[in-house]
There are 2 protein chains.
Amino acid sequence: MFLNVLSTAIGLVEDLAGPQHPEDSLVNHSEGQFFLNEAFKIIVDEVLNKGTDVQQKVCDWKEPEELAQLLDLELRAAGEPHHRLLERVRDVAKYSIKTSHPRFFNQQFAGVDYHSLAGRFLSEALNTNLYTYEAAPVFVLMENEVLRSLRLLIGWTEGDGIFCPGGSTSNMYAMNLARFQLFPEVKSQGLCGLPRLAIFTSSQSHYSVKKGAGFLGIGTDNVILVKVDDGGCMIPEDLDEKIALVKSQGTVPFIVSCTAGTTVQGAFDPLDRIADVCEKHKLWMHVDGAWGASVLFSKQHRHLLKGIERANSVAWNPHKLLLAGLQCSALLLRDCTGLLKRCHVANATYLFQQDKFYDLDLDIGNKSLQCSRKVDCLKLWLMWKAVGSSGLEERVNKAFFNARYFVQELKKRKGFYLLHEPEFLNICFWFIPPSLRGKEGNPDYQEKLAKVAPAIKERMMKKGSMMVGYQPLENKVNFFRMVVLSPLVSQEDMDFCLDEIERLGNDM
Amino acid sequence: MFLNVLSTAIGLVEDLAGPQHPEDSLVNHSEGQFFLNEAFKIIVDEVLNKGTDVQQKVCDWKEPEELAQLLDLELRAAGEPHHRLLERVRDVAKYSIKTSHPRFFNQQFAGVDYHSLAGRFLSEALNTNLYTYEAAPVFVLMENEVLRSLRLLIGWTEGDGIFCPGGSTSNMYAMNLARFQLFPEVKSQGLCGLPRLAIFTSSQSHYSVKKGAGFLGIGTDNVILVKVDDGGCMIPEDLDEKIALVKSQGTVPFIVSCTAGTTVQGAFDPLDRIADVCEKHKLWMHVDGAWGASVLFSKQHRHLLKGIERANSVAWNPHKLLLAGLQCSALLLRDCTGLLKRCHVANATYLFQQDKFYDLDLDIGNKSLQCSRKVDCLKLWLMWKAVGSSGLEERVNKAFFNARYFVQELKKRKGFYLLHEPEFLNICFWFIPPSLRGKEGNPDYQEKLAKVAPAIKERMMKKGSMMVGYQPLENKVNFFRMVVLSPLVSQEDMDFCLDEIERLGNDM
C-alpha cells in the first residue's frame with residue numbers, strides 16, 4: 001500500500017514538475033493556485049458583485065430536501081475534477097444568504113468591508129495559531145495593539161484582554177474571571193462546598209448569560225433577571241433590591257452583566273447608575289457591549305455608554321456594527337494584575353516552555369481557554385488602518401442616521417407601529433394589515449396580529465426580496481426587528497423595505 | 001455632524017458612481033474589489049509561493065521591539081492610502097511564520113490545501129452565521145452531512161455533533177454533556193449541593209481537560225491523572241483502580257477522557273480496554289482525537305483507534321492531519337436523543353421562533369454554546385469533494401510513511417536518541433552534542449542536556465531555516481518533538497532537518 005502510493009506519487013510528479021520534491025504530488029502548487037484563482041473570481045462575481053446588487057435576490061429560497069439534492073452534499077471515496085469543484089463553489093455561493101446585500105436587515109452582521117475581507121483572506125492563507133510569540137510574532141503584537149486601542153475608547157489607559165470566538169464566549173470569560181477573583185480556589189477545587197452563587201442581568205440581556213451560567217456550573221436558575229423599563233433598559237433600583245434579597249437568603253452575588261445594546265430592542269442599560277450599585281455591593285461589573293460598544297467610536301453618540309469606564313470587563317464585537325467580519329469579539333479588562341492569565345493558565349510544557357530566548361509574557365496562549373486560536377485581530381487592524389478611527393466614527397454615525405430616517409418614514413405610514421422609540425439601530429415595529437386596522441378591541445386581535453410577521457417573513461424569504469427578523473417579547477406578540485447598520489443601505493432600500501412589507505401584507 | 005458626513009458622502013459618490021445609492025461612499029465596491037484583488041496577488045506571492053519554497057526562510061525572526069516598529073501597529077484617526085495598505089499586507093505576510101513551509105515541523109497544523117483554502121475564502125466572503133436554516137441554509141445541511149460522514153468513519157450510523165472553535169472547546173462540550181446526562185439538574189441548579197465530581201484522563205492528555213474542569217466549576221484538582229506506559233498510553237488497570245478509590249471516598253466519577261494521539265508523544269490510549277472499564281463503572285467515555293482521529297481514514301492504520309466506536313463522544317480536528325485549516329474541530333456524539341440540544345438550548349425568541357415555516361430541527365444554533373458561529377464545515381467539505389476519502393487516506397498514509405523515514409534516518413546518525421519508538425507522527429528525540437557524548441554518567445549531564453534543545457531552537461529561529469518544537473516531559477529533560485504531517489515534506493526536507501540540528505549543535 002505504502003509503495004503503491006509512493007510510486008504513484010513519484011509518477012505524477014515526474015510528469016508535472018520534475019523530481020525535486022518527489023513526494024509532493026498530494027499538493028500541487030500550480031494546479032492548486034489555478035483553482036484558487038478561479039474560485040476567487042467566482043467569489044468576487046457571486047458574493048461581492050451579485051451578492052450586493054439590489055437587483056439580485058437576498059436569498060434564493062429552496063426547501064431543505066430540494067437544496068440538499070441541488071448541492072449533492074454526499075462525500076465519496078473518489079475526488080472530483082476542478083470544473084466540477086468550481087461549480088460547487090458557485091452553487092454554495094448561489095444558495096447562501098447574501099448577508100452583505102443592502103436588503104439584509106435580519107441580523108447585526110450585515111455589510112461588507114473590503115479591507116477587512118483582505119485581512120481575512122490573509123489570515124486564512126497564513127493559517128496561524130495565536131498562542132506563542134514564536135508561532136505568531138506579528139499577531140501577538142497586533143492583538144495587543146488592537147486591544148489597547150479598543151481599551152482607550154473605553155477610557156482605560158491600562159488593562160488586559162483577548163479575542164474570543166464570539167460574544168457568548170466573551171461573556172462566559174467575564175463570569176469565570178469574576179468568580180475567580182472572588183474565590184480563586186474555584187479553579188482547583190470547583191464549586192463543591194461553596195455557597196450558591198448568583199449572577200444579575202436584565203430580563204432583556206443576551207441568552208449567553210444563561211448558557212454561560214449552565215456551562216460554568218452555576219446554574220441558569222441562579223441568573224437573577226432584573227426588570228427593565230419600556231425601552232428595555234435595566235432598572236438599577238430593582239437590581240439593588242434583588243441583590244439585597246439574594247444576599248439575605250445566603251446566596252453570594254458576584255457579577256452584574258449589563259447590556260449595552262440589547263439584542264431585540266437595542267437598549268443601553270444605565271451603566272453609571274449600575275456602577276454605583278456594583279460599587280455599593282462590591283460586585284464585578286461586566287458590560288456585554290457585543291452589539292453596542294462600537295458606538296464608543298462616535299463622539300456624537302458615545303454618551304449612550306456613559307459609565308462604561310467603571311466596568312471591570314467589556315465584551316465588544318467589531319464583527320457587528322464595524323463590519324469586521326465573523327468572528328471578531330474582544331473581551332476587554334480593566335485588570336492589570338494578570339487575572340486573565342492566572343485564571344486560565346495551564347502551563348503546558350510543550351507550548352509555554354520557561355527557558356525560551358524571548359520575553360515569556362509574549363506567549364499569550366495562557367490567557368485563553370482555547371489552545372488553537374484563530375487570528376481575529378488582523379481584519380480589524382487592517383480595516384482600522386484603512387479608514388482610521390474617523391472612518392469608523394462615520395460608519396457608526398451613518399448607521400444612526402439611516403435608522404432615524406427609517407423611523408421617520410415608518411411614522412408617516414398607515415399600519416406601522418413602533419414598540420418604542422429606538423435609541424439605537426434596532427427598530428421594533430408591528431405591521432397591522434388592512435383587515436386588522438381599527439380592530440384593536442377584538443378578542444382575537446393579538447392572536448391574529450401574532451401571525452402577520454411570520455406570514456410576511458415567509459413571503460419575503462420565498463420571494464427573496466429582503467430579510468427582516470421578527471419575534472415576540474414577553475407579552476408583546478410577534479413584531480419585526482429591523483437592524484440597520486450596513487453603510488450599503490440607502491434611503492431607497494429602507495423605503496423599499498416599508499413598501500415591500502405593505503405589499504406582502506396587503507391582503508391579510 | 002450628521003449633515004457633514006452625509007454631504008461629504010454624497011459629494012464622493014457623485015464623483016465616482018452616480019447617485020443611485022447616494023450614501024454608499026463608505027463602501028466603494030470598485031475601489032474595494034481593486035484592493036482585494038491586489039491583496040490576493042500578494043497573498044499568493046508571499047504566502048503561497050515564497051512561503052512554501054524551501055529556498056526561503058520559514059521565519060524572518062525579529063526581536064519584538066524591532067518588529068513592532070517595522071509593522072507600525074498604531075491605529076490612528078486618519079485612514080491610509082491603498083498603496084500603503086498593500087505594503088502592510090505584504091509586511092504582515094513577510095514577518096509571519098510560514099506554517100505551510102515544508103520545514104515547519106513545530107506543530108500539528110502544517111501544510112496547505114488549496115481546495116480547503118478556496119472554501120475558507122468563500123466562507124469569509126459569505127460571512128455566514130451558522131445558527132438557523134434561514135440564515136445559513138447551505139451550511140446547516142452541509143455541516144450535518146460532514147458530521148455524518150465523520151461519524152461513519154467512527155462506525156456510527158446515527159448520532160449527533162457540532163463544529164466547535166477548537167479541540168479544547170470540543171473537549172469541554174463533552175464534559176458538560178457527560179455531566180448533564182448524569183445530573184440534568186446541574187444546568188438549572190448548578191453544582192451547589194452536589195457531591196464532588198471527578199474526571200479521569202491520562203497524565204499525558206491535553207491540558208484542555210484541566211482548563212475545562214476549571215471553567216466548568218468542577219475544579220482542576222478533580223481531574224484524576226491516570227498513569228501511562230513508556231509510550232504515553234493510558235494504563236487501564238490504573239484507571240480502574242483510581243475510579244474505585246475515588247468512589248470509595250464519596251466522589252462521583254462521570255467521564256473518562258481518553259486521548260487518541262497525545263500532543264507530545266502521539267500516543268493512542270487503548271480504547272477498547274478503556275471502554276471495558278467505562279462500561280463496568282457506567283462512565284461516559286470521551287475520546288480526544290483532536291490529533292489522531294484522522295487516522296480513521298486509513299485502512300492500514302485505523303487499528304490504532306480500535307474501540308473508538310464504543311465511545312460516547314469524540315473530538316476530531318481535521319485542521320491538523322487533514323490540513324483543513326484553522327479552525328475545524330468536530331465534536332461527534334453517539335447519542336440520538338437530542339442530548340446536545342437539551343444541554344445547551346436557551347430558546348432565544350429572536351432566533352429560534354417556534355412559528356417558522358420550515359422544520360425547526362434545522363435551527364441547529366440551540367446545540368451550540370456560541371451564538372454567532374463561523375462556518376467551519378465548508379473548507380473540509382470542499383477538500384473532501386476534491387480528493388475524496390481515498391485522497392485523505394493517502395494523505396494519512398503518506399504522513400506515516402514520512403515519519404517512519406525520519407525515524408529510520410535518525411537511527412543511523414550519531415548523537416540522536418529516540419525517547420520511545422513512535423507509533424504516530426510525533427517523533428521525540430534528544431540531540432546529544434559532541435561534548436556530551438559518552439558523559440551520561442556525569443552528575444551535570446542532564447542539566448547540560450536540558451539546555452541543548454532551547455539553544456538549537458534559538459539558533460534555527462534566528463537563522464530561519466526551520467522550526468521544530470522542544471519540551472521537557474515529567475523526569476525527561478528538554479527533547480525535540482518533530483511533527484511530520486504535511487504532504488509538502490520531502491525526504492530531502494527531513495534529511496535537512498537532521499543535518500541542520502547537527503550543524504547548529506555541533507559546537508555545543
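Being a predicted model, the structure only gives us computed values, none of them experimental. Every chain is numbered from 1 and lettered A, B, ... according to where its sequence line falls, protein lines coming before strand lines.
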Is there a side-chain contact (heavy atoms from CB on, under 4.5 Å) between A:F121 and B:R120 once you walk through the steps?
-> CA-CA 8 Å; A:F121 285 8; B:R120 296 159 78 183; over 6 Å; no

Under the side-chain contact (heavy atoms from CB on, under 4.5 Å) rule, what do A:M172 and B:L369 come out as? Steps first, then yes or no, please.
-> CA-CA 10 Å; A:M172 289 181 204; B:L369 273 173; 3.9 Å; yes

Test side-chain contact (heavy atoms from CB on, under 4.5 Å) on B:L126 and A:V92 and set out the steps.
-> CA-CA 10 Å; B:L126 284 167; A:V92 167; 4.1 Å; yes

Show your working on side-chain contact (heavy atoms from CB on, under 4.5 Å) between A:T128 and B:F109 and close with a plain yes or no.
-> CA-CA 9 Å; A:T128 305; B:F109 55 95; 5.9 Å; no

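For chain A, the nearby parts of B:A346 are the backbone and the side chain; heavy atoms of each come within less than 4.5 Å. Residue B:N37 touches chain A through both its backbone and its side chain, counting heavy-atom pairs closer than 4.5 Å. The parts of A:R76 that come within reach of chain B are both its backbone and its side chain, each placing non-hydrogen atoms under 4.5 angstrom from that chain. Residue contact with chain B, scored on non-hydrogen atoms closer than 4.5 Å, involves the backbone and the side chain of A:L85 alike. Heavy atoms of B:V140 lying under 4.5 Å from chain A are absent altogether. Of the atoms belonging to B:H115, heavy atoms from both backbone and side chain fall under 4.5 Å from chain A. Contacts between B:I218 and chain A at a heavy-atom distance below 4.5 Å involve the backbone alone (N, CA, C, O). Interface residue B:R196: backbone and side-chain heavy atoms are both found under 4.5 Å from chain A. Heavy-atom distances place the side chain of B:N106, and not its backbone, under 4.5 Å from chain A. Only the side chain of B:L378 comes within contact range of chain A, judged by heavy atoms closer than 4.5 Å. With a threshold of 4.5 angstrom between heavy atoms, B:L194 approaches chain A through N, CA, C or O but not through any side-chain atom. Only the side chain of B:S149 comes within less than 4.5 Å of a heavy atom in chain A; its backbone stays farther off. In this structure, chain A has heavy atoms under 4.5 Å from both the backbone and the side chain of B:Y95.
Classification of the B:W61-A:F357 ring pair by plane angle, with boundaries at 30° and 60°, yields tilted.
Side-chain polar atoms of A:Q33 and B:N49 form a donor-acceptor pair below 3.5 angstrom. Using a 3.5 Å distance cut-off with no hydrogens or angles, the side chains of A:Y470 and B:Q353 do not pair a donor with an acceptor.
Nearest heavy-atom pair, B:K374 versus A:L326, reported as atom, atom and distance to 0.1 Å: NZ-O, 3.3 Å. Residues B:A125 and A:V47 come closest through the heavy atom pair O-CG1, 3.5 Å. Smallest separation of non-hydrogen atoms from A:C192 and B:P195: SG-C, 4.0 Å. In this structure, A:C371 and B:S168 approach most closely via the heavy-atom pair N-OG, 3.3 Å.
A salt bridge does not link B:K356 with A:E458: every distance from a Lys NZ or Arg NE/NH1/NH2 to an Asp or Glu carboxylate oxygen is 4.0 Å or more.
The distance between the ring centers of B:F35 and A:Y114 does not fall below 6.0 angstrom.
No donor-acceptor pair under 3.5 Å is formed between the side chain of B:R84 and the backbone N or O of A:K385. Judged purely by atom type and a 3.5 angstrom limit, A:D355 has no side-chain atom pairing as donor or acceptor with the backbone of B:P454. Put simply, the side chain of B:R373 never gets that close to the backbone of A:G166: no donor and acceptor are under 3.5 Å apart. In terms of modelled atom types and a separation under 3.5 Å, the side chain of B:Q471 and the main chain of A:L351 share no donor-acceptor contact. In terms of modelled atom types and a separation under 3.5 Å, the side chain of A:E124 and the main chain of B:L117 share no donor-acceptor contact. Listed for the A:S188 side chain is no donor-acceptor partner under 3.5 Å among the backbone atoms of B:T220.
Tested against A:N127, the residues B:V112, B:L323, B:I97, B:T99 include a single side chain to side chain contact (heavy atoms under 4.5 Å, CB included) partner, B:T99.
Between chain B and the options A:M142, A:M467, A:R88, A:K210, the largest number of non-hydrogen pairs under 4.5 Å is found for A:R88.
Not counting sequence neighbours, B:K211 has no partner by the salt bridge (Lys or Arg N to Asp or Glu O under 4.0 Å) test.
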